[in-house]
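Here is the naming used below: chain letters follow the sequence lines, and residue numbers restart at 1 for every chain.
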Amino acid sequence: MKVAVIGVGITKFGKLENKTSRELFAEAVEYAIKDADISPKEVESVYVGNFTADLFEHQGHIGPLMADYAGLKGLPATRFESACASGAAALRHGILSILSGLYDIVLVGGVEKMTDLPTSEVTDALSIAADNLFEASIGATFPGEYAMIAKAHMDAYGTTREQLASVAVKNHHNGFLNPKAHFQKEIDLDKALNAPMIAWPLGLYDCSPISDGAAALILAREDIARKYTDTPVYIIASAQASDTVSLFERESLTSLKAAKIAARKAYEMAGVTAKQINLAEVHDCFTIAEIIATEDLGFFKPGEGGPAVEQGLTQIDGDIAINPSGGLKAKGHPVGCTGVAQAVEVSIQLRGEAGKRQVSGAEIGLTHNIGGSGATAIIHIFRR
Amino acid sequence: MEADDFSIKRFLKYISEGKLKGLKCAGCGNIIAPPRLKCSVCGSSEFKWVDLSGKAHLLTYTIIHVPPKRFTGETPYVVGIVQLEEGPRLEARITGFDVNQHVQILKTGMDLIFEPSPAGILSFKPLI
Ligand SMILES: [Zn+2]
């Protein structure tokens with residue numbers, strides 16, 4: 001399979017008080033359309049990733065609303081919800097619509113406006129990604145689910161809080177190099193380790209922030225891509241898998257089975273191995289999630305993800321660059337936008353336009369977007 | 001009829017009444033909790049409710065410091081994943097000890113026992 005990314009756009013991430021989701025979305029789309037150098041009239045369909053504007057903004061019916069404000073009124077426009085993997089779900093369906101032969105050019109966007117609510121209500125809203133009857137009802141939170149994964153990983157492999165903190169330090173460094181990132185400041189290990197607890201053993205710096213933001217991609221049929229750009233980025237695999245929404249019913253607490261299945265399918269589809277991947281934007285909603293992602297994707301053996309980040313193997317100039325954008329941790333995690341933002345970063349990197357955070361000689365990149373505590377996993381592979 | 005109601009709501013109602021019950025599959029004897037429409041082992045949908053022993057062991061846990069809105073005022077509290085003696089796993093509150101001593105008291109694999117909670121929240125306490 002091949003579909004081309006011919007345009008990308010992304011807003012600044014952060015607490016953007018004066019902007020609503022529709023304004024953020026329209027801004028990202030404007031950047032993407034300009035980047036692709038196309039007329040909005042050439043776009044045939046719109047796919048919107050959004051987790052829960054319903055709870056964050058008391059707003060449903062996001063598909064047509066976003067399309068209208070982005071100047072794309074009249075087109076088919078649908079919102080995709082798969083918790084934190086909503087963005088990649090929208091991307092996957094944009095890809096499928098082109099592969100079906102129905103469309104030549106489509107727009108995929110992701111958006112979330114989270115900061116209108118106080119933290120306790122955001123925590124409530126995010127907890128609907130877990131099993132409401134058996135998890136949220138007993139007082140489990142989303143950080144709590146990943147904290148239990150972290151505790152299990154520590155018991156099984158000796159993973160340490162210092163190794164978790166190393167993920168935060170690395171991603172803050174990368175975010176410092178990314179002008180669109182929510183956080184543009186470096187932190188050290190002590191600061192991460194001494195932060196207040198959110199859900200033991202995860203502290204504040206183990207958690208991605210509550211962010212606003214939007215991102216957009218223009219996708220085109222492979223054979224027409226070069227009419228629009230000299231630097232098309234090709235999507236060579238799209239794979240998705242699911243698992244129980246509840247964490248307690250999973251086979252493993254130290255690995256996400258859905259991510260492993262999606263990774264195997266994606267590598268097969270792309271005809272590449274984990275060793276050939278130059279950079280990956282992975283779903284580090286919590287520091288432990290990045291460590292497990294690098295194991296599930298086959299970059300490191302189970303239990304070796306912690307030592308790998310501690311030894312610097314996942315830095316921008318390391319063996320494999322993990323989250324050169326700063327990841328969810330430092331770039332920010334506007335939930336339903338994240339999967340699209342990851343694809344934007346990989347596209348920029350493969351074009352060689354990432355500036356100070358450029359992974360040198362990047363040929364093949366991967367995105368890994370997870371919903372909830374692992375019930376949805378969506379992986380895409382890109383080649384320049 | 002209560003005895004024929006193999007629903008999730010009935011399971012949760014038993015817990016709120018201080019009873020931990022599961023479904024026993026008539027086909028293969030597998031114990032199912034929380035309820036599902038079919039046995040995951042043999043596919044049968046013939047069940048009966050049985051009392052579970054309440055004995056379990058601890059698989060992993062966390063201390064919640066930032067709670068959802070409705071649990072404000074209860075922090076810090078412990079949420080864990082437990083494996084029942086009969087096989088099924090559940091997520092539950094771990095109660096009945098000083099949370100500040102969790103590192104000394106809670107050990108992965110340790111024995112726990114079902115503890116009826118006034119609020120109807122599924123809870124287990126360490127057997128120490
Ligand atoms: Zn059975």
Query - Point-to-point distance, once rounded to the nearest 0.5 Å, from OG1 of B:Thr60 to CE of A:Met154 - result: 10.0 Å
Requested in this report: Could you check which of A:Ile138, A:Leu126, A:Leu247, A:Thr123 has the highest count of heavy-atom pairs closer than 4.5 Å to chain B?
Outcome: A:Ile138
Report task. Please lay out, stage by stage, how A:Asp124 and B:Lys69 fare under the test side chain to side chain contact (heavy atoms under 4.5 Å, CB included). Result -> CA-CA 6 Å; A:Asp124 264 352; B:Lys69 207 174 170 188; 3.0 Å; yes
Query raised in the report: Are there more than 12 heavy atoms of other residues, nucleotides or ligands under 6.0 Å from atom NZ of B:Lys107?
Result: yes
**Report entry** Nearest heavy-atom neighbours spanning A:Trp200 and B:Val103
**Finding:** CZ2-CG2, 4.4 Å
Report summary line: Whatever's closer than 4.5 Å to a heavy atom in chain A on B:Phe71 counts as side chain
Report summary line: Smallest heavy-atom separation, A:Gly144 atom then B:Thr62 atom, equals O-CG2, 3.6 Å
Query raised in the report: Which region of A:Ala136, side chain (C-beta onward) or backbone (N, CA, C, O), has a non-hydrogen atom less than 4.5 Å from a non-hydrogen atom of chain B, or is it both or neither?
Result: both
Query raised in the report: Above 12 or not: heavy atoms from other molecules or residues under 6.0 Å from CD of A:Glu251?
Result: no
Query raised in the report: Is the side chain of B:Tyr77 donor-acceptor paired with the backbone N or O of A:Gly139 at a distance under 3.5 Å, no angle test?
Result: yes
Query - Leading residue by heavy atom contact count with chain A [cutoff under 4.5 Å; candidates B:Val82, B:Val78, B:Ile8, B:Thr75] - result: B:Ile8
Report task. Search all heavy atoms of B:Val66 against all heavy atoms of A:Met197 and return the closest pair with its distance. Result -> CG2-O, 4.4 Å
Requested in this report: Fit a plane to each ring of A:Phe134 and B:Phe11, take the angle between them on a 0 to 90° scale, and name the class: parallel (under 30°), tilted (30 to 60°) or perpendicular (over 60°).
Outcome: perpendicular
Requested in this report: Carefully, step by step, assess B:Thr108 and A:Lys151 under the rule side chain to side chain contact (heavy atoms under 4.5 Å, CB included).
Outcome: CA-CA 9 Å; B:Thr108 302; A:Lys151 167 71 171 142; 3.7 Å; yes
Report task. For a side-chain contact (heavy atoms from CB on, under 4.5 Å) with A:Glu249, tell me which candidate from B:Arg36, B:Arg89, B:Glu91 qualifies. Result -> B:Arg36
Report summary line: Ranked by heavy-atom pairs below 4.5 Å to chain B, first place among A:Ser137, A:Ser127, A:Ala125 goes to A:Ser137
Report summary line: CD1 (B:Ile81) and CZ (A:Phe248) are apart, to the nearest 0.5 Å, by 8.0 Å
Query raised in the report: Shortest non-hydrogen contact from A:Ala140 to B:Pro68?
Result: O-CG, 4.3 Å
Query raised in the report: How far apart are the C-alpha atoms of A:Leu253 and B:Leu59, what are their side-chain angles, what is the distance that settles it, and do they pass the side chain to side chain contact (heavy atoms under 4.5 Å, CB included) test?
Result: CA-CA 9 Å; A:Leu253 295 172; B:Leu59 296 178; 4.2 Å; yes
Query raised in the report: Has B:Glu46 got more than 12 heavy atoms of other residues, nucleotides or ligands less than 6.0 Å from its CD?
Result: no
